[in-house]
Every structure is written in structure tokens, then in C-alpha cells.
Amino acid sequence: GLNNLQLIKLDGNKIKNLEWNLNKLTSIKRINLAYNYMESIKVENLENLEYLGLSSNLIRLFNFTSLKMLNYLDMSLNRYSEMPYLDGID
């Protein structure tokens with residue numbers, strides 16, 4: 001299975017939405033989804049996630065909760081108009 005997966009690198013693939021559940025990948029540490037066409041993303045309960053790269057997308061809506069280990073978040077060059085509270089990010 002994917003229980004030991006630590007890196008997802010899907011940048012530059014013209015992805016519009018992510019239909020699979022990232023939340024079951026509990027060992028994941030790095031996700032790079034930059035340079036795609038995503039308009040929204042929901043990332044929850046990835047307690048080991050340290051890096052989340054989402055730059056150069058079309059993101060307007062996002063929800064991040066329980067990302068206690070996150071130390072790098074890149075959401076530059078997106079389309080959100082305000083930055084809501086990021087619950088669970090210390």
C-alpha cells in the first residue's frame with residue numbers, strides 16, 4: 001500500500017481537482033501541487049506534513065486543519081482574496 005509514502009510531487013500537471021483522499025496518507029511529509037489549475041483544496045489531519053507547495057494555481061477556497069508539523073506553506077500566485085484563519089497550524 002501507500003502507508004509509507006512520504007512525498008507526493010505532482011507539480012505542472014494541469015490538475016484541476018484532487019478527487020482522492022489525502023487524509024489517509026498519514027506518513028506523508030511533503031506535497032507539491034504547484035503549477036496546476038486547482039481552484040480549491042482541503043487538507044486535514046496530515047499530522048506529519050511539513051511542506052505544502054500550492055503556488056501558481058487558481059485557488060480561491062482552501063481548508064487546512066490539524067497540520068501540526070507544517071513548517072513550509074507556499075500559496076503564492078493564487079486567486080484568494082483574503083486569508084482565513086488556518087486552524088491547527090501552529
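Counting heavy atoms from C-beta outward, Leu33 and Met38 have side chains that approach closer than 4.5 Å. Using a 4.5 Å heavy-atom cutoff, the side chains of Asn48 and Ile28 are not in contact. With contacts defined as side-chain heavy-atom distances shorter than 4.5 Å, the pair Leu77/Asn57 does not qualify. At least one side-chain heavy atom of Met75 sits under 4.5 Å from a side-chain heavy atom of Leu73. Phe62 has its side chain out of reach of Asn78: every pair of non-hydrogen atoms, C-beta onward, lies at least 4.5 Å apart.
Taken from CD1 in Ile31 to CG in Leu25, the straight-line distance is 7.5 Å, to the nearest 0.5 Å. Summarising the geometry, atom CG belonging to Leu70 is positioned 6.0 Å from atom CG belonging to Leu52; distances are rounded to the nearest 0.5 Å. Taking NZ of Lys29 as the start and CD of Gln6 as the end, the distance is 5.0 Å to the nearest 0.5 Å.
The minimum heavy-atom distance between Met69 and Glu47, with the atom names listed, is CG-O, 2.8 Å. Nearest heavy-atom pair across Val43 and Leu67 is CG1-CD2, 3.9 Å.
Annotation: side chain to side chain donor-acceptor pair (under 3.5 Å) contacts of Asn3 (sequence neighbours excluded): none. Applying the side chain to side chain contact (heavy atoms under 4.5 Å, CB included) criterion to Ser55, with sequence neighbours excluded, gives Ala34, Tyr35, Asp74, Ser76. With sequence neighbours excluded, the residues forming a side chain to side chain contact (heavy atoms under 4.5 Å, CB included) with Glu44 are Asn23, Lys42, Asn63, Thr65, listed by chain and number. Partners of Tyr37 by ring pair (Phe, Tyr, Trp, His ring centres under 6.0 Å), not counting sequence neighbours: none found. Under the rule for a salt bridge (Lys or Arg N to Asp or Glu O under 4.0 Å), Glu39 has no partner lying at least two apart in sequence or in another chain.
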Using residues 8-16 as the side-chain source, report each donor-acceptor pair under 3.5 Å to any protein atom, sequence neighbours left out, with the distance given to one decimal.
from  : atom 1 : to    : atom 2 : distance (Å)
Lys9  : NZ     : Asp11 : OD1    : 2.9
Lys9  : NZ     : Asp11 : OD2    : 3.3
Asn13 : ND2    : Leu10 : O      : 3.0
Asn13 : ND2    : Asp11 : O      : 3.2

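In the hydrophobic clustering of this structure, Leu18 groups with Tyr80; members are Ile, Leu, Val, Met, Phe, Trp, Tyr whose side-chain heavy atoms approach within less than 4.5 Å, directly or through other members.
Summarising the hydrophobic clusters (Ile, Leu, Val, Met, Phe, Trp, Tyr; side-chain heavy atoms under 4.5 Å, direct or chained), the residues clustered with Tyr72 are Tyr51.
The backbone N or O of Leu5 sits less than 3.5 Å from a side-chain atom of Ser27, completing a donor-acceptor pair.
Atom CG of Asn4 sits in a sparse spot, with 12 or fewer heavy atoms from other residues, nucleotides or ligands closer than 6.0 Å.
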